[in-house]
Number of protein chains: 2
Amino acid sequence: MNIGDVSRQSGLPAKTIRYYEEIGLITPQRSANGYRVFREQDLHKLAFIGRARALGFGIEDCRGLMKLYEDTDRSSAEVKQIAEEHLTEIDRKIVELTGMRQTLTRLVHACAGDDRPDCPILADLSAQQAEG
Amino acid sequence: MNIGDVSRQSGLPAKTIRYYEEIGLITPQRSANGYRVFREQDLHKLAFIGRARALGFGIEDCRGLMKLYEDTDRSSAEVKQIAEEHLTEIDRKIVELTGMRQTLTRLVHACAGDDRPDCPILADLSAQQAEG
DNA sequence: CTTGACCTTACAGTTACTGGAGCCCTTATC
DNA sequence: GATAAGGGCTCCAGTAACTGTAAGGTCAAG
């Protein structure tokens, strides 16, 4: 199977698949003409990585999770720890973004959005006025 | 005022302030010994940028917002548009992260986290089983 | 005169790709 | 045999917004 087919089947861009090989996440074989040849295990790994990435895991987490997946002597505690740390990070980001959204929403609603220069958004950013 | 004082006063790392100069957001003067000399307007700009960044605006948005702030002929509509687009992006990210959190939370709860290898998290990532 | 805190520049590294240039392989068509 | 289309290949540069590090200049105190 060539990289184009794998790309269509996995939904990952060919460039990304080459990148994953470069950083050692997969090691497809090569045919005589130098083309990458992907086997079932490569497809499976790519699907695994794709799903982990979709859950927001970083590349190094993906590497760790794959290693654990392949290690039948693993403890589920190791896996859970990676997931919990990631979950904590996600929660942190949600809190951060929610705070931004709250302030921004208030400012956007306060702004007339017309052709006059008066703007509560700029006023807030320049913070010339007292706290509200 | 030297960069160290500005850093303490603005809460921005000195490195970041130098970076902001490099990309043209601020243009502090220089004293004879080559040190950067910051004036009131520089401090004000840095505070503006700091608050915009805290709301998640990208650097180019900050540049645009500062330009509008300094342009007394601006329309508030221009400012509002930048803010609304950013707000949309924030909402998109929150939705994405919330989806991740939901799935991850379910998986983490399903995982025993003990010394046995059985792990619903890995099972889900490898997707050998049917959808649940 | 040295120590320590401060400042300077320049360069590399971070994350996870993405884009582009320049070139090779294969197959079909003229 | 030439050529064009549609793959594939490598290598290099760029993205966002800094951050780290090295090597060195400046300044006040003791």
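The figures here come from the full heavy-atom set of this structure, side chains too, leaving out hydrogens, waters and symmetry mates. Chain naming here is simple, since letters A, B, ... match the order of the sequence lines and numbering starts at 1 in each.
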Check your understanding: Closest nucleotide of DNA chain D for Asn2(A) versus for Phe57(B): which of these residues is on the 5' side?
Key ->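 That would be Asn2(A).
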**Study point:** Residue closer to the 5' end of DNA chain D, Ala14(A) versus Tyr20(B) (nearest nucleotide)
**Key:**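 Result of the comparison: Ala14(A).
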Exercise for review: Please list, in 5' to 3' order, the outermost nucleotides of DNA chain C lying under 4.0 Å from any heavy atom of chain B.
Suggested key: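 Span of nucleotides near chain B: dC6(C) to dA10(C).
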In this structure, how many angstroms lie between the [atom2] atom of [N] and the [atom1] atom of [X], rounded?
{"X": "Asp5(A)", "N": "dG7(D)", "atom1": "CG", "atom2": "C1'", "value": "10 Å"}
{"X": "Glu60(B)", "N": "dA16(D)", "atom1": "CD", "atom2": "P", "value": "8 Å"}
{"X": "Ile23(B)", "N": "dT15(D)", "atom1": "CD1", "atom2": "P", "value": "12 Å"}

Does the [X] side chain pair with the main chain of [Y], one donor and one acceptor, at a distance under 3.5 Å?
{"X": "His44(A)", "Y": "Arg39(A)", "result": "no"}
{"X": "Ser7(A)", "Y": "Ile3(A)", "result": "no"}
{"X": "Asn2(B)", "Y": "Gly4(B)", "result": "no"}

Point to revise | Distance test, side-chain N/O of Thr16(B) to OP1/OP2 of dA17(D), below 4.0 Å | key: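 False: Thr16(B) side-chain N/O out of range (4.0 Å or more) of dA17(D) OP1/OP2.
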Practice item. Check every strand shown and say whether Ile3(B) touches a base, only sugar-phosphate, or nothing at a heavy-atom separation below 4.0 Å. Key: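 If one applies the 4.0 Å heavy-atom cut-off, Ile3(B) turns out to touch the sugar-phosphate alone, with no base involved.
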Residues [X] and [Y] bridged, charged N to O under 4.0 Å:
{"X": "Glu22(A)", "Y": "Lys15(A)", "result": "no"}
{"X": "Arg63(B)", "Y": "Glu60(B)", "result": "yes"}
{"X": "Glu70(B)", "Y": "Lys45(B)", "result": "yes"}

Just the atom pairs and distances: protein N or O near nucleotides 10-14 of chain D's N or O, under 3.5 Å.
unit_1	atom_1	unit_2	atom_2	d
dT10(D)	OP1	Arg30(A)	NH1	3.2
dT10(D)	OP1	Arg30(A)	NH2	3.2
dT10(D)	OP2	Arg36(A)	NH1	3.2
dT10(D)	OP2	Arg36(A)	NH2	2.7

